[in-house]
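Here's the structure, in structure tokens; my notes come after.
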Amino acid sequence: MATNNDLVRDFEQVRLQDGAVVGGKNASLGEMINALGAKGIAVPPGFATTAQAYWVYVDANGIRDTLAGLIADWQAGKTTLAETGRAMRRLFLRGSWPDDAATSIRAAYRALATRVGVSDPSVAVRSSATAEDLPDASFAGQLESYLNVTGETAVLDACRRCYASLFTDRAISYRATKGFDQLGIALSVGVQHMVRSDGGGSGVMFSIDTESGFDRVVLINAAWGLGENVVQGAVNPDEYQVFKPLLGQPRLRPIISKTRGDKAIKMIYSDDPQQPTHNVPTSKAERAAFVLGDAEILQLAHWACTIESHYGRPMDMEWAKDGATGPLYIVQARPETVHSRRGDATARLHTYRVGRGKGRVLATGLSVGEAAVAGRVCLIESARDQDRFVDGSILVTPTTDPDWVPIMKRAAAIVTDHGGRTSHAAIVSRELGLPAVVGTGNATYVLHTGQEITVSCAEGDTGLVYEGRAEITTQTVDLTDLPPVKTQVMINLANPAAAFRWWRLPADGIGLARMEFVVSNAIRVHPMALVHFDRLQDAGAQAEIARLTTGYEHDRPDYFVDRLAQGFAALCAAVYPRPAILRLSDFKTNEYAGLLGGAEFEPQEENPMLGFRGASRYYSPRYREGFALECRAIKRLRDEMGFTNAIVMIPFCRTVGEARQVLAVLAANGLRRGDNGLQVYVMCEIPSNVILAAEFADCFDGFSIGSNDLTQLTLGVDRDSAELAHIFNEQDEAVKWMIARVIAVARQKGCKIGICGQAPSDHPEFAQFLVDSGIDSISVSPDSFVTVKRHLIQADRNQSNGL
């Protein structure tokens with residue numbers, strides 16, 4: 001007869017190396033309790049049945065040979081997967097517990113009850129296979145878990161059902177795909193004290209960005225109630241991102257993104273012992289609120305870093321918050337299985353571009369992966385209808401669970417109504433290498449079977465579903481043959497959602513980040529309309545602003561500050577600690593008027609290109625309150641989040657007097673040049689910036705040449721005029737004289753100077769001219785980076801050879 005320790009072990013009795021005894025999931029729980037409890041990571045107590053207990057059950061019920069025969073018949077094609085799985089599960093469900101195993105489980109449950117001080121504690125009963133949670137195989141959702149299980153008899157029954165789940169159709173299929181021996185895997189069962197997250201919240205977090213592999217952020221998903229809805233993708237959860245390198249500084253809050261999900265339902269306890277949990281709708285207040293406060297987000301991020309450091313690899317974790325008492329707990333931790341398999345992926349960079357043929361945007365959601373696919377829709381509501389799926393189609397469905405994996409393997413892409421980046425659909429799509437757009441909210445409503453669409457995950461965090469079959473081009477960039485050059489090569493980035501896509505580029509920083517993109521896409525509201533919300537005359541605009549600023553009713557301007565700071569934070573994080581040059585707003589009046597509420601605050605101008613734009617707005621009574629919000633966002637970014645690599649840049653600064661006025665306004669708003677290392681640059685795009693370059697250099701730390709505007713104003717040519725396109729030329733001798741002149745003055749004054757524009761990538765001779773002139777940096781679009789780098793390598797060689 002087996003001893004109690006052979007059949008059941010307390011979590012405190014197991015470590016990571018005991019995976020063959022208690023499975024990967026339970027071994028990891030024991031590892032955290034033993035190794036990380038002293039570091040403040042809270043894991044609920046519990047116990048695990050051993051692999052030996054599983055084999056004792058199998059042999060006591062005489063089912064080992066029968067299992068082998070059933071698998072052999074399936075592999076020989078004599079039976080279907082469904083018939084085989086059903087017969088195998090029946091063997092377990094009709095079995096009886098051997099006395100020694102039952103006695104050991106009952107005793108462990110009573111000991112847990114004594115430990116937590118509850119006579120019949122509610123527990124989570126989870127499967128933990130001896131081949132589960134490996135770095136190359138997640139077994140995501142393949143095996144069953146049972147929540148809110150109470151009482152010894154119910155625990156024994158749940159353990160029996162976990163055994164049976166080792167042979168669900170999806171688990172058998174997954175093992176066959178991965179090459180695992182169907183009968184060589186044993187099952188351990190973890191019995192863990194339940195965290196009362198039914199009254200709180202729960203979710204999933206990764207110690208890596210799940211899409212780009214960017215390893216310096218923690219990604220957290222959160223929803224109300226028990227965590228199954230997040231894992232299954234039944235809700236669109238909150239999403240938070242935290243920048244890991246700045247977590248060690250107690251005064252900082254490096255939360256670089258907070259996105260509120262609709263969280264339409266939550267899973268709570270039920271009074272029905274046959275169905276101990278059920279879903280209910282969330283309240284309007286719950287949908288409008290974030291599940292976690294900033295302190296809780298940071299605490300989880302700290303834990304994620306601690307767990308990752310201990311395991312020595314990126315990790316996938318589940319967490320829960322007790323709604324009754326408030327503490328946070330880690331309830332699972334396993335290796336991340338997608339980017340971990342890729343090894344050193346820094347040598348090659350694959351990019352996709354969606355071109356001609358795309359129509360209007362039909363649906364948007366969260367992008368999974370970085371690819372794009374065009375094809376026909378196959379809309380399937382239930383996995384029971386998988387026979388209707390057409391191989392190679394784009395699967396459109398409300399949500400997925402492990403029963404969908406056989407269909408997902410046959411799909412070209414996946415689009416779901418519900419789910420976040422940590423949902424089943426997202427995890428499996430990554431493992432399969434499929435682009436997916438999850439959490440659209442309406443895909444099954446607006447799309448139909450047979451429709452031709454393009455699914456794009458190549459444009460940042462937002463996944464787009466376009467009407468029609470677009471032309472998709474791919475590019476593979478080899479980063480291994482790029483030696484260092486004298487001139488820095490930086491990148492122009494505007495879209496925070498796409499910033500992490502480029503983290504592998506060996507760029508020297510961001511040479512131009514335009515605020516207008518963040519305002520237009522992430523904020524959408526004119527800042528003055530937030531400052532003076534109550535006086536807006538346009539009722540429609542006011543209603544839409546009220547909807548966008550839900551949660552900011554007491555300080556609507558803070559909506560602008562938060563969104564702008566977070567948008568810039570993602571850009572700064574992508575290149576930290578290298579510099580990120582953030583250009584303050586340079587909307588023209590007609591562009592500002594297009595923002596929500598903007599028409600009421602903008603003058604009508606005949607020529608906005610040369611009108612009320614750039615620096616002139618910052619000290620003007622017409623916009624000064626709006627500019628104060630920009631300053632608040634920069635100050636939050638640098639002082640509260642910790643991104644001191646952010647450099648402020650002033651656009652379209654016409655005179656030295658204007659430069660001094662802007663610096664005074666910046667200082668009045670807490671951004672004094674030199675404080676906390678703050679540098680302030682100026683765009684060089686007006687002839688006066690060149691003529692008085694020495695005087696401007698006394699005001700600023702650096703110049704960035706805006707060659708488009710400088711060419712326009714030097715030659716007197718509207719850059720948008722088709723009739724004058726033959727004259728507009730950045731390599732015109734007059735323009736080159738301007739550029740060479742300001743570079744010379746900047747170098748004389750010890751002032752940094754760079755250029756942001758396309759010309760160095762299109763014209764090697766222009767790159768040579770810039771190098772010969774002594775420019776410090778060239779900033780280009782990311783997809784031009786390698787081309788420019790190669791041009792500069794050749795320019796350096798030419799210079800060395802006296803050419």
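Bear in mind the structure is a predicted one, so any value in this text is a computation, not a measurement.
- Remark: Arg260 is positioned above the aromatic ring of Phe290, its terminal NZ or CZ atom under 6.0 angstrom from the ring centre and at most 45 degrees off the axis.
- Nearest heavy-atom pair across Pro98 and Ala60 is CG-CB, 3.5 Å.
- Within 6.0 Å of CZ in Arg94 there are 12 or fewer heavy atoms belonging to other residues, nucleotides or ligands.
- Here the straight-line distance linking atom OG of Ser188 with atom CZ of Arg126 works out to 13.0 Å at 0.5 Å rounding.
- With values rounded to the nearest 0.5 angstrom, Ile427 atom CD1 is found 9.5 Å from Glu336 atom CD.
- Put simply, the side chain of Val189 reaches to within 4.5 Å of the side chain of Val125, judged on heavy atoms.
- Taking 4.0 Å as the cut-off between side-chain N and carboxylate O, Lys258 and Asp238 do not count as a salt-bridged pair.
- At least one side-chain heavy atom of Asp18 sits under 4.5 Å from a side-chain heavy atom of Arg15.
- Using a 3.5 Å distance cut-off with no hydrogens or angles, the side chains of Tyr57 and Ser96 do not pair a donor with an acceptor.
- Between Tyr576 and Phe243, the angle of the ring planes goes over 60°, which puts this pair in the perpendicular group of the 30/60° scheme.
- Cation-pi geometry between Arg636 and Phe643 is not met: the NZ or CZ atom fails to fall both under 6.0 Å from the ring centre and inside 45° of the normal.
- Glu31 and His310 share a side-chain donor-acceptor pair at under 3.5 Å.
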Next item on the list: Test side chain to side chain contact (heavy atoms under 4.5 Å, CB included) on Lys409 and Ser173 and set out the steps.
Entry: CA-CA 11 Å; Lys409 290 178 184 175; Ser173 175; 3.6 Å; yes

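- Of the N and O atoms on the side chains of Thr103 and Asp100, not one donor lies less than 3.5 Å from an acceptor on the other residue.
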Margin query: Does Asn229 form a side-chain hydrogen bond (donor to acceptor under 3.5 Å, both in side chains) with Asn279? I'd like the steps, not just the answer.
Written below: CA-CA 9 Å; Asn229 284 335; Asn279 279 313; 2.8 Å; yes

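- Taking both residues in full, the closest heavy atoms of Leu70 and Met88 are given as CD1-CG, 3.6 Å, listed atom of the first, atom of the second, then distance.
- Taken from CH2 in Trp224 to CD1 in Ile268, the straight-line distance is 14.0 Å, to the nearest 0.5 Å.
- When atom types are taken as modelled, the side chain of Glu296 and the backbone of Gly293 share a donor-acceptor pair closer than 3.5 angstrom.
- Glu152 places no side-chain N or O within donor-acceptor distance of the main-chain N or O of Tyr109, the cut-off being under 3.5 Å.
- Of the possible donor and acceptor atoms, none in the side chain of Ser309 sits under 3.5 Å from a partner among the backbone N and O of Thr306.
- The backbone N or O of Ala324 sits less than 3.5 Å from a side-chain atom of Asp322, completing a donor-acceptor pair.
- Looking only at side-chain heavy atoms (C-beta outward), Leu112 and Val116 come within less than 4.5 Å of each other.
- Put simply, the side chain of Gln332 does not reach to within 4.5 Å of the side chain of Met32, judged on heavy atoms.
- No salt bridge links Asp215 with Lys244; every basic N to acidic carboxylate O contact stays at or beyond 4.0 Å.
- Within 6.0 Å of atom CG in Asp181, more than 12 heavy atoms from other residues, nucleotides or ligands are found, so the atom counts as buried in its surroundings.
- Arg106 contributes atom CZ, which lies 10.5 Å from atom CH2 of Trp97 (distance to the nearest 0.5 angstrom).
- Counting heavy atoms from C-beta on, the side chains of Leu637 and Cys572 come closer than 4.5 Å.
- Residues Arg313 and Glu308 are not paired through a salt bridge, judged by the lack of any N-O separation under 4.0 Å between the basic side chain and the carboxylate.
- No cation-pi contact links Lys321 to Tyr329, judged by a cut-off of 6.0 Å to the six-membered ring centre and 45° from its axis.
- Considering every non-hydrogen atom in both Val368 and Ser429, the closest pair reads CG1-CB, 4.2 Å.
- Lys263 places a side-chain N or O within donor-acceptor distance of the main-chain N or O of Gly261, the cut-off being under 3.5 Å.
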Note to self: Working note: Thr259 + Tyr240, criterion side-chain hydrogen bond (donor to acceptor under 3.5 Å, both in side chains); need CA distance, chi angles, decisive distance, verdict.
What the structure shows: CA-CA 6 Å; Thr259 304; Tyr240 319 113; over 6 Å; no

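- Checked by atom type, the side-chain pair Thr400/His424 shows a donor-acceptor distance below 3.5 Å.
- A donor-acceptor pair under 3.5 Å is formed between the side chain of Asn34 and the backbone N or O of Val14.
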Notebook entry, point to check: Hey, mind stepping through Arg334 and Asp316 against salt bridge (charged side-chain N to carboxylate O under 4.0 Å, His left out) and telling me if it holds?
Noted result: CA-CA 5 Å; Arg334 60 182 76 84; Asp316 166 1; 3.3 Å; yes

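- The shortest non-hydrogen separation linking Glu12 to Ile33 is CG-CG2, 3.7 Å.
- Side-chain contact of Asn148 with Thr277: a donor-acceptor pair under 3.5 Å is absent, judged by distance alone.
- Taken to the nearest 0.5 Å, the CZ atom of Phe214 stands 12.5 Å off from the CG atom of Leu219.
- Without hydrogens or angle criteria, Thr168 side chain to Ala171 main chain gives a donor-acceptor distance under 3.5 Å.
- The residues Asp294 and Arg253 are annotated as salt-bridged, a charged nitrogen and a carboxylate oxygen being separated by less than 4.0 angstrom.
- In this structure, the side chain of Ser270 engages the main chain of Gln275 through a donor-acceptor pair within 3.5 Å.
- Side-chain contact annotation: Thr50 with Arg9, donor-acceptor N/O pair under 3.5 Å absent.
- Of all non-hydrogen atoms in Ile330 and Ile307, the two that sit nearest each other are CG1-CD1, 4.2 Å.
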Next item on the list: Given side-chain hydrogen bond (donor to acceptor under 3.5 Å, both in side chains), test Arg501 with Ser212 step by step and report yes or no.
Entry: CA-CA 5 Å; Arg501 291 179 59 201; Ser212 67; over 6 Å; no

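- For the residue pair Asp461 and Ser367, no side-chain donor N or O sits within less than 3.5 Å of a side-chain acceptor on the partner.
- Between the Glu211 side chain and the Gly369 main chain, a donor and an acceptor come within less than 3.5 Å of each other.
- Counting heavy atoms from C-beta outward, Leu143 and Cys162 have side chains that stay 4.5 Å or more apart.
- The pair Glu144-Arg161 does not count as a salt bridge, with every side-chain nitrogen at least 4.0 angstrom from each carboxylate oxygen.
- Salt bridge Arg89/Asp169: present, at least one basic N to carboxylate O contact under 4.0 Å.
- Between the side chain of Thr422 and the main chain of Val231, no donor-acceptor pair closer than 3.5 Å is present.
- Residues Ser104 and Val8 come closest through the heavy atom pair CB-CG2, 3.7 Å.
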Next item on the list: List the steps and the verdict of side chain to side chain contact (heavy atoms under 4.5 Å, CB included) for Ser127 and Tyr163.
Entry: CA-CA 8 Å; Ser127 306; Tyr163 283 171; over 6 Å; no

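- Atoms NE2 and CZ, on His193 and Phe47 in that order, are 12.0 Å from each other to the nearest 0.5 Å.
- Side-chain contact between Asp198 and Met267: absent, with no pair of heavy atoms (C-beta onward) separated by less than 4.5 Å.
- Looking at Arg421 and Glu239, a side-chain N of the basic residue comes within less than 4.0 Å of a carboxylate O on the acidic one, giving a salt bridge.
- When side chains are defined from C-beta on, Leu247 counts as touching Leu298, because their heavy atoms get closer than 4.5 Å.
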